[in-house]
Participant: 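Input: one structure, supplied below.
Keep in mind that this is a model prediction, so the values were computed, not measured. Each ligand, and each atom within it, is numbered from 1 in the order the structure gives.
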Amino acid sequence: MSAPMAASLRHGASSDIGRVREVQEDSLLVSPPLFAVADGMGGHSAGDVASRLALDVLSGDGPRDLNMLREAVVRANRAIYEKAGSSPGLSGMGTTITAMLAGDHTAGIAHVGDSRAYLLREGELQRLTEDHTVIERMVREGRLRAEDAAHHPQRSILERALGVDGDVEVDVSEIDLRAGDRILLCTDGLTGLVDEDEIREVLRSEEDPARASDRLVAAAVQAGGHDNVTAVVVYYAAGRPTVRETVTVPAVRRRSRRLLLTLVSLGLLIVAAGLGTRAALAGSFYVASHEGRIAVFRGIPGSVAGIELHRIERTTSLRVDSLPEYYRRQLADGIRARDETDAERIIRNLRSLEEPPPAPAVEPTQP
Ligand code: CA
């Protein structure tokens, strides 16, 4: 007598450096039931170090539930942040991550950045993740139209990424899996060039997940390929019979599968590259004036197309007009800080420069 049929996951994964970039900064992880994509950023090939490190930590952790998956992403963030801080050539590196852990009847998603997860169910494509970009936030807040966001030149500016701060907020969600569900994890090199109608058509029509991932990546390269592009496709075939006694099986199966990790790390080309268009706003700080007082800002000064690229972290009691002229001028542009601690140090230094308020005007004494 045969054992109950196991839930069946079939997968495909493809990646391409694209036509323009000299470094492959995307990485992908295929280690059933764990799958992930990561899109690195940072100059001088630091981006590929960040994306590979994120997925190395993830696969090494071997999460078995959604909470463990979230914790693994938090650990990946910490690992990248510490490595960036200890290696001058890697400072400022970061990465997105979108990971899926499939169970028998559910899939957990953990996500930071602007890579995406999609679900094709009964012919309809749903997006499972939110982009952590300035532009998408503006759309959510009703300040920018979705159709203007899709091709906005600043759409890649991230508000959240791994490695830019010691802590990171991870979006986690869980979906029920149904027979026939098809899931796509991809970097923005795909979604920036291939629209959702085309993604849906490929996932809907292609019975082989490996061919689906190949076709999606090829479509992005054909459409211009101005970015690295990566797609991981997972097809969830017939579910197992809902027999309770089989429930303990997955843990054992997953442990043994961990021995068969197939970590596919990309991006071995070491070619110096510029910073590109991505910037991690969340990890940038500066000190400037706000309504006459000194404040710590997170992000970078200025705005893009009317969209502010910063927010106030903390306002102090220190008045700008109590400072020497030279510092007032500097504060008008904003004084960049390496991190939040550095911003506090700058404020302490400014405090020490504070000039006493002008003495109250004294009535001239009559001779
Ligand atoms: Ca990208």
Participant: Do you see an N/O/S atom of D26, backbone or side chain, under 3.0 Å from the Ca ion (ligand 1)?
Facilitator: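 No.
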Participant: Checking V234 against R182 for the side-chain contact (heavy atoms from CB on, under 4.5 Å) test, could you report, in this order, the C-alpha distance in whole Å, the side-chain angles of both residues, the deciding distance, and whether it holds?
Facilitator: CA-CA 6 Å; V234 180; R182 298 178 172 186; over 6 Å; no
Participant: With under 30° as parallel and over 60° as perpendicular, where do the rings of F297 and Y286 fit, or are they tilted in between?
Facilitator: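 Rings of F297 and Y286: parallel, under 30°.
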Participant: Working to 10°, measure the angle at the Ca ion (ligand 1) formed by atom OD2 of D39 and atom OD1 of D188.
Facilitator: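 My answer is 80°, to the nearest 10°.
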Participant: So, does D131 use its side chain to make a donor-acceptor pair with the main chain of E136 at under 3.5 Å?
Facilitator: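 No; zero donor-acceptor contacts below 3.5 Å.
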Participant: Return yes when at least one N/O/S atom of E25 is nearer than 3.0 Å to the Ca ion (ligand 1), and no when none is.
Facilitator: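 Under 3.0 Å: E25 has no N, O or S contact with the Ca ion (ligand 1).
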Participant: Between R329 and E325, does any side-chain N to carboxylate O distance fall below 4.0 Å?
Facilitator: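 Salt bridge present between R329 and E325.
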Participant: Quick check on the Ca ion (ligand 1): does D227 put an N/O/S atom closer than 3.0 Å to it?
Facilitator: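 D227 does place an N, O or S atom closer than 3.0 Å to the Ca ion (ligand 1).
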